[in-house]
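Take a look at the structure set out below.
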There are 2 protein chains.
Amino acid sequence: MPAQITEEQNRQAREELLDSAETLFYERGIQAVGMDQVRVASGLPLKRIYRLFATKEELVVAVLRRRDARWRGALTARVHAVPDARDRVLAVFDWLAEWFAEPGFRGCAWVNAFGELGSSSEAVLAEVRAHKDAFRDQVAGWVRAAGAPAAAEPVFLLAEGAIVTAGISGDPAAARHARTAAATLLGAH
Amino acid sequence: MPAQITEEQNRQAREELLDSAETLFYERGIQAVGMDQVRVASGLPLKRIYRLFATKEELVVAVLRRRDARWRGALTARVHAVPDARDRVLAVFDWLAEWFAEPGFRGCAWVNAFGELGSSSEAVLAEVRAHKDAFRDQVAGWVRAAGAPAAAEPVFLLAEGAIVTAGISGDPAAARHARTAAATLLGAH
DNA sequence: TTGCGTCGAGAACGATCGTTCTCTACCTTA
DNA sequence: TAAGGTAGAGAACGATCGTTCTCGACGCAA
């Protein structure tokens, strides 16, 4: 064991830290999780955690940013596996349905973060808005490619409504209803 | 001033307390507001606050419950002022648009509460679910009356999506987009 | 081998939280 | 008028928070 910590070790510790923090924050809420619980879950000394992220707020932002990349990346992969442009839009809701059915699904991490910190942390608010804008742009691109540009915003709103509703009610059926409505808005085939 | 507090005084103090707490909770978030700030804003002694509500959680639930009655009451009044069944459904989105444009609009108080306390307070979670179920039932009733029962859930999802989107982005335009989509889902006139 | 610098483990700090307690004043009733 | 009980004001309590500091251990350069 070297006395100096290598760059590679830092990257690995960073990932483990983000893994632990993301799980805890999503399960229990951000404010409900203390840095000491993050320390226990990650197995990293508090000192090391604070060397990687100067404040809890920075850690929260990093968690959200990495989750955004993974979440939208998975969505894109799933959608791009579908050839037909119209079916691609509907695949968004199929993907949402699977997400809703996952054990431990607790709604949208960004909406939850907004509810917790949107009014007290500018950095978190900016991260939440960046994620939503990016998601909206993705959806809009696929809807336009399906030849129904006017449906872009409504389809995005249906997705948002389904996510928040499934999160609160715990019922994944919202994805099905949103999918049907999206199909209607895209126009008859 | 009597030494004993009358029932009427208790009711009035309760309302003032709920007014102050609701404003603070909505503006800054529930966890971010201490009971001492509630005391200052309401002008009531801490002792009296705790005689009206045994815990902060009880106060939060009472705030949400009263807000639900007022919020859905205002919505109903606005919708019932419209005679045509189809226009009634669209009036929901007109009402939302006005709400979004109000200064200090910060999204859905129940969704925000869910994000903050949904995982740690059973009572708050139940209150949030009760509100969303009631709102969904209202919307569904109006949509069915407009002769498009299949559109009930999609219209509800559009409303939810518009609320959460307007809250995060700060842009009231979501109501307009949702309204247009709802009109389409209700069928051509 | 001897310092030097950085590490991990965990105590400690100051602030703040929800909640309760103390104490004084005053109204009510006999 | 005297006694009793309840009010308000605010200190106090114990817990917990994010963050920092202490301290002993250990790898590395000289």
Side-chain angles (χ1 to χ4, degrees), chain A residues 1-14 16-18 20-22 24-25 27-64 113 115-117 119-124, chain B residues 1-14 16-18 20-22 24-25 27-64 113 115-117 119-124:
Chain A
M1 192 86 92
Q4 297 260 44
I5 292 177
T6 69
E7 202 55 38
E8 171 56 29
Q9 281 174 323
N10 263 341
R11 288 199 307 121
Q12 183 176 344
R14 199 186 128 99
E16 284 166 5
L17 173 57
L18 290 174
S20 308
E22 182 176 353
L24 285 174
F25 290 162
E27 272 180 4
R28 312 185 197 170
I30 295 168
Q31 315 230 52
V33 173
M35 290 299 281
D36 211 62
Q37 301 177 53
V38 173
R39 173 187 64 82
V40 170
S42 66
L44 265 49
L46 225 35
K47 207 169 184 177
R48 192 123 173 249
I49 293 176
Y50 275 96
R51 218 179 305 130
L52 289 165
F53 300 99
T55 63
K56 185 183 185 181
E57 186 182 35
E58 279 188 26
L59 174 61
V60 171
V61 168
V63 163
L64 291 179
E116 284 200 84
L117 303 169
S119 52
S120 61
S121 165
E122 276 297 328
V124 169
Chain B
M1 194 88 90
Q4 297 260 45
I5 292 176
T6 69
E7 202 57 37
E8 171 57 29
Q9 282 174 319
N10 263 340
R11 287 200 307 124
Q12 183 176 344
R14 200 188 127 98
E16 285 166 3
L17 174 56
L18 291 174
S20 309
E22 182 177 353
L24 286 174
F25 290 162
E27 273 180 3
R28 312 184 198 171
I30 295 169
Q31 313 229 53
V33 173
M35 291 298 282
D36 211 61
Q37 301 178 55
V38 173
R39 173 187 65 83
V40 171
S42 67
L44 266 49
L46 225 36
K47 207 170 187 175
R48 191 124 174 246
I49 293 176
Y50 276 95
R51 218 180 304 130
L52 290 165
F53 301 98
T55 62
K56 186 183 185 181
E57 186 182 36
E58 278 188 26
L59 173 61
V60 171
V61 168
V63 163
L64 291 178
E116 283 200 84
L117 303 169
S119 52
S120 61
S121 165
E122 276 297 329
V124 169

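Each chain gets a letter, A, B and so on, in the order its sequence line appears, and its residues count up from 1.
- Listed by chain and residue number, B:L117 satisfy the side chain to side chain contact (heavy atoms under 4.5 Å, CB included) test with B:S120 (two or more places apart in sequence, or in another chain).
- Atom CG of B:L59 is separated from atom C1' of C:dT19 by 14 Å (rounded to the nearest Å).
- Between the P atom of C:dC21 and the CZ atom of B:R51 lies a distance of 14 Å, rounded to the nearest Å.
- A search for side chain to side chain contact (heavy atoms under 4.5 Å, CB included) contacts involving A:E122 returns A:L125, not counting sequence neighbours.
- Not a single side-chain hydrogen bond (donor to acceptor under 3.5 Å, both in side chains) links B:R14 to another residue, sequence neighbours left out.
- The side-chain hydrogen bond (donor to acceptor under 3.5 Å, both in side chains) check on A:S42 picks up nothing, with sequence neighbours excluded.
- For B:R28, there are no salt bridge (Lys or Arg N to Asp or Glu O under 4.0 Å) partners, not counting sequence neighbours.
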Task: Where protein sits on nucleotides 9-18 of chain C, one letter per nucleotide: B base, S sugar-phosphate only, - none, heavy atoms under 4.0 Å - done: B--------S

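- The shortest distance between the side-chain N/O atoms of A:R48 and the OP1/OP2 oxygens of C:dT6 is not below 4.0 Å.
- Recorded end-axis angle for the helix from C:dT1-D:dA30 to C:dA30-D:dT1 stands at 20°, based on five pairs per end and rounded to 10 degrees.
- Residues that satisfy the side chain to side chain contact (heavy atoms under 4.5 Å, CB included) test with B:R51, not counting sequence neighbours, are B:I5, B:K47, B:R48.
- For B:E58, the side chain to side chain contact (heavy atoms under 4.5 Å, CB included) partners are B:F53, B:A54, B:T55, not counting sequence neighbours.
- The nearest pair of heavy atoms linking B:V33 to B:L24 is CG2-O, 3.6 Å.
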